[in-house]
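I have placed the structure first, in the form of structure tokens, so that the comments after it can refer back to it.
Quick note on labels: first sequence line is chain A, next is B, and so on, each numbered from 1. The figures that follow rest on heavy atoms only: side chains count, while hydrogens, waters and symmetry mates do not.
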Number of protein chains: 2
Amino acid sequence: MRPTVHDIAAAAGVSLATVDRVLNQRPGVREITRLRVEDAIRTIGYVRDVAAANLAKGRVYPLVFILPTNDNSFMHSLHAEVLQARARASAERTDIRIIEVPAFDPAALVRALEPLLEERPSGVALVATDAPDVRAAVDRLVIAGIPVVTLVSDLTGSRRDHYAGVDNVAAGRTAARLLGRFLGGRAGHLLVLAGSMLVRDHRERLEGFAAVMAEEFPRLTLLPVLEGRDDPELANAFVSDALSKDDAIIGIYSLGAGNRGLIRALKARGQGQDLTVVAHELTEYSAAALKDGTIDVILNQDAGHEVRSAIRVLKAKADGLGVIAAQERIRLDIFVKDNLP
Amino acid sequence: MRPTVHDIAAAAGVSLATVDRVLNQRPGVREITRLRVEDAIRTIGYVRDVAAANLAKGRVYPLVFILPTNDNSFMHSLHAEVLQARARASAERTDIRIIEVPAFDPAALVRALEPLLEERPSGVALVATDAPDVRAAVDRLVIAGIPVVTLVSDLTGSRRDHYAGVDNVAAGRTAARLLGRFLGGRAGHLLVLAGSMLVRDHRERLEGFAAVMAEEFPRLTLLPVLEGRDDPELANAFVSDALSKDDAIIGIYSLGAGNRGLIRALKARGQGQDLTVVAHELTEYSAAALKDGTIDVILNQDAGHEVRSAIRVLKAKADGLGVIAAQERIRLDIFVKDNLP
DNA sequence: CTGTTAGCGCTTTCAC
DNA sequence: GTGAAAGCGCTAACAG
């Protein structure tokens, strides 16, 4: 049987209350007795039963998720996953509140973060927009002892406790390697379709992609990046236009979300053009396109994993506990038509 | 505040003990009162606090892991992950026992399974060897109410509750697609190195691989499968020999574990031969080979995920609870040199 | 068949 | 500063 607070109390010759005060670093214990208790804890090898503690405390973890009101499939599924997590709330002792903010709007994000300093939830998860003000607001929360996790897009240089998302530079590099290899030794032009260069994750993907292309596939030339704002109409127009004007295009990297426009343009193109296409984010549409050969590779981040991981990490941080690092690494999923879920 | 057993007791006009009996489907309750209680549970919307229940029961989950004494890196890491899980045992209320059995030995596996019928652990996880006797032994356990999860290699046609492993047919197909595409339109021979065709996962990988090659890459010819028994020396000898005899080999698929021999042979080969190599299982050695270009793609299954998933599923089944299906899907990880962990 | 009571491991008043 | 005692939500004797 593993040791309990009673065992420590007995060993240290104090009462349960004192043991508890030491365990929870509450004041009102003489230095000398604190040391006695800490000693007992160590020699007995006590580890606290978190479940029992939570039961006694009636603890719930009020968590705040700040999500952009961005209208693409990926953000939709992220939102849906948070709602599902909320459905499991009572079993997991969480109480999840969602705050929606306009996308790519640092000021709005800061306005959402500010009041949390007062509200003091157990943890905060946010899809970060990369700006100094946001960094400062996040830092204030962390300094005030409120754990913060960035979701999907990181905020490097801030004090956030954890990032629950993929390594986007690696994603871009991987896209480049796959596209380059799939194209064999062919020479030609590559179309790059992004959402917006204002978002850190898109910038990082492009950076990784361009780096590997330059280093290892010099026969492939990147065309200037098209920013489709993740808007199907715009993407469709841009891609159709580019394809009709440039016969040398042999590959496409779509690093943003919302591929419907791209897929439409690809299906509408002339039979002559043989294209290899790498895109991000697995959705109903992109999966269908992968199956029918319109897209060759899809890189994906699993929104469900990201949300569950963020919750696990926030709860652990709130309790001052560690996490299983390997479990919290968000992997870059790579799909070809053969390994779809 | 969410409702408790007290609320149900009050609503149904019975005592806590009766509520508990109903909740746990224990005998000794009149049909009529049982219905009253069940009604109260439903209308109040009660959900049991599993943590509190476990605390009261002093519940631990005795779990048995049956692992092959197979000397390759993958099995080593699987073993290590089970040990790590055992280190977390007290926090997770598990009590994990490991039984080691000779690899590929159905009789030994059956002998390990048999006594568990008496011992009645909360759950059993095993790396299955595919044989009728094993199937029968597993079925007996499941029928006796003991949850069984297959790990890494499945036992189709049995009553096992769950399979914690990757889809190996899909893995083989994916390997074929990547190898085929990486080779562009080239024609040539492909070397296939397996561990043993007696293991289901290897057979399934080959099946998937051969199918896609036949369907979509007719210019690539599969050579007869080499069975290297996951032995470095053997693999080295086989591959070196094959490469020296056949200049037309342009690709290799290594679908077994233990790639050290393969890597050695590849590094020793003459400069003339340009090979594209797809291998399974990420290890220290294979990762290094991926980085230096000796291997082009590594397909991997995360042993840690498999073990943690098996434990979660067994605990849930033991309590008659559901699991988050998406969380328990073991993905096929695909690594190129750019997205190594 | 049903109810009373003590207790799981921990926290939290409220006295001393 | 420290301790005694009650209680978190649930289960398990033991009575009745």
Side-chain angles (χ1 to χ4, degrees), chain A residues 1-38 40-41 44-61 89-93 95 122 315 318-321, chain B residues 1-38 40-41 44-61 89-95 122 318-321:
Chain A
M1 216 49 206
R2 64 194 263 207
T4 75
V5 276
H6 290 92
D7 301 318
I8 306 174
V14 296
S15 76
L16 290 184
T18 301
V19 173
D20 188 66
R21 283 189 265 262
V22 173
L23 280 174
N24 294 291
Q25 356 215 32
R26 269 190 287 267
V29 185
R30 258 186 317 177
E31 190 59 20
I32 184 105
T33 53
R34 142 162 291 117
L35 289 175
R36 262 226 316 287
V37 174
E38 279 168 350
I41 293 176
I44 292 192
Y46 168 83
V47 275
R48 178 215 241 93
D49 182 332
V50 186
N54 283 346
L55 172 60
K57 282 202 275 241
R59 184 160 183 33
V60 290
Y61 300 81
S90 80
E92 300 180 349
R93 305 191 95 87
D95 175 17
S122 293
K315 287 175 71 175
D319 289 337
L321 298 174
Chain B
M1 215 51 205
R2 63 193 264 209
T4 75
V5 277
H6 290 93
D7 301 319
I8 306 174
V14 296
S15 75
L16 290 184
T18 302
V19 173
D20 187 64
R21 282 189 266 264
V22 174
L23 280 175
N24 295 291
Q25 354 215 36
R26 269 189 286 268
V29 186
R30 258 188 316 176
E31 189 60 19
I32 184 103
T33 51
R34 142 162 290 117
L35 290 175
R36 260 228 314 288
V37 174
E38 279 169 350
I41 293 175
I44 291 192
Y46 168 84
V47 274
R48 180 216 242 89
D49 181 332
V50 187
N54 283 345
L55 173 60
K57 282 202 277 241
R59 185 164 187 25
V60 290
Y61 300 81
S90 80
E92 299 180 349
R93 306 192 94 87
T94 55
D95 175 17
S122 292
D319 290 336
L321 298 174

field: Spatial distance of atom OG1 (B:T18) from atom CZ (B:R36) [nearest 0.5 Å]
entry: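 Reported value, rounded in 0.5 Å steps: 9.5 Å.
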query: For B:E31 and B:G58, take the nucleotide of DNA chain C holding the closest heavy atom to each; which residue's nucleotide lies nearer the 5' end?
result: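 By nearest-heavy-atom nucleotide position, the 5'-most residue is B:E31.
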- prompt: Quick one: B:R59 CZ to C:dG7 C1', roughly how many Å, whole number?
  reply: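 Atom CZ in B:R59 sits about 19 Å away from atom C1' in C:dG7.
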- request: Return the value, rounded to whole Å, for the distance between atom CD1 of B:I8 and atom C1' of D:dG9.
  value: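 Atom CD1 in B:I8 sits about 11 Å away from atom C1' in D:dG9.
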Are any of the side-chain heavy atoms of [X] and [Y] separated by less than 4.5 Å?
{"X": "B:T4", "Y": "B:D7", "answer": "yes"}
{"X": "B:V22", "Y": "B:T33", "answer": "no"}
{"X": "A:V37", "Y": "A:V29", "answer": "no"}

B:R2 side-chain N/O to B:V47 backbone N/O, donor-acceptor pair under 3.5 Å: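 Indeed, once roles are kept as given, a pair shorter than 3.5 Å links the two residues.
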message: I'd like to know if the side chain of B:R21 reaches the main chain of B:R26, judged simply by a donor and an acceptor atom lying under 3.5 Å from each other, with no hydrogens or angles considered.
response: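 No, the answer is negative, given that no donor and acceptor are paired below the 3.5 Å cut-off.
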- request: Look at all strands and tell whether A:V19 reaches a base, only sugar-phosphate, or nothing, counting heavy atoms closer than 4.0 Å.
  value: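 It contacts nothing in the nucleic acid.
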- prompt: So what does B:G28 touch, heavy atoms closer than 4.0 Å: a base, only the sugar-phosphate, or nothing?
  reply: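 Result for B:G28 = base.
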message: Please confirm whether the shortest side-chain N or O distance from A:T33 to OP1 or OP2 of D:dT2 is below 4.0 Å.
response: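 Yes, A:T33 has a side-chain N/O under 4.0 Å of OP1/OP2 on D:dT2.
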- request: Tell me whether the OP1 or OP2 atom of C:dT2 has a side-chain N or O from B:S15 closer than 4.0 Å.
  value: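 No, no such contact exists.
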statement: 5' to 3', nucleotides 9-16 of chain C under a 4.0 Å protein heavy-atom cut-off (B base, S sugar-phosphate only, - none) gives BBSB----
message: Could you walk me through whether A:D49 and B:R93 satisfy the salt bridge (charged side-chain N to carboxylate O under 4.0 Å, His left out) test, starting with their C-alpha distance in whole Å, then the side-chain angles of each, then the deciding distance to 0.1 Å, before giving a yes or no?
response: CA-CA 10 Å; A:D49 182 332; B:R93 306 192 94 87; 3.2 Å; yes
task: Runs of at least three consecutive Watson-Crick or G-U pairs, both distances under 3.5 Å, are what I'm after; which ones involve DNA chain D?
output: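 So the stems come out as C:1-16 with D:1-16.
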B:D20 and B:R48 ion-paired at < 4.0 Å: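 Answer for the salt bridge query: no.
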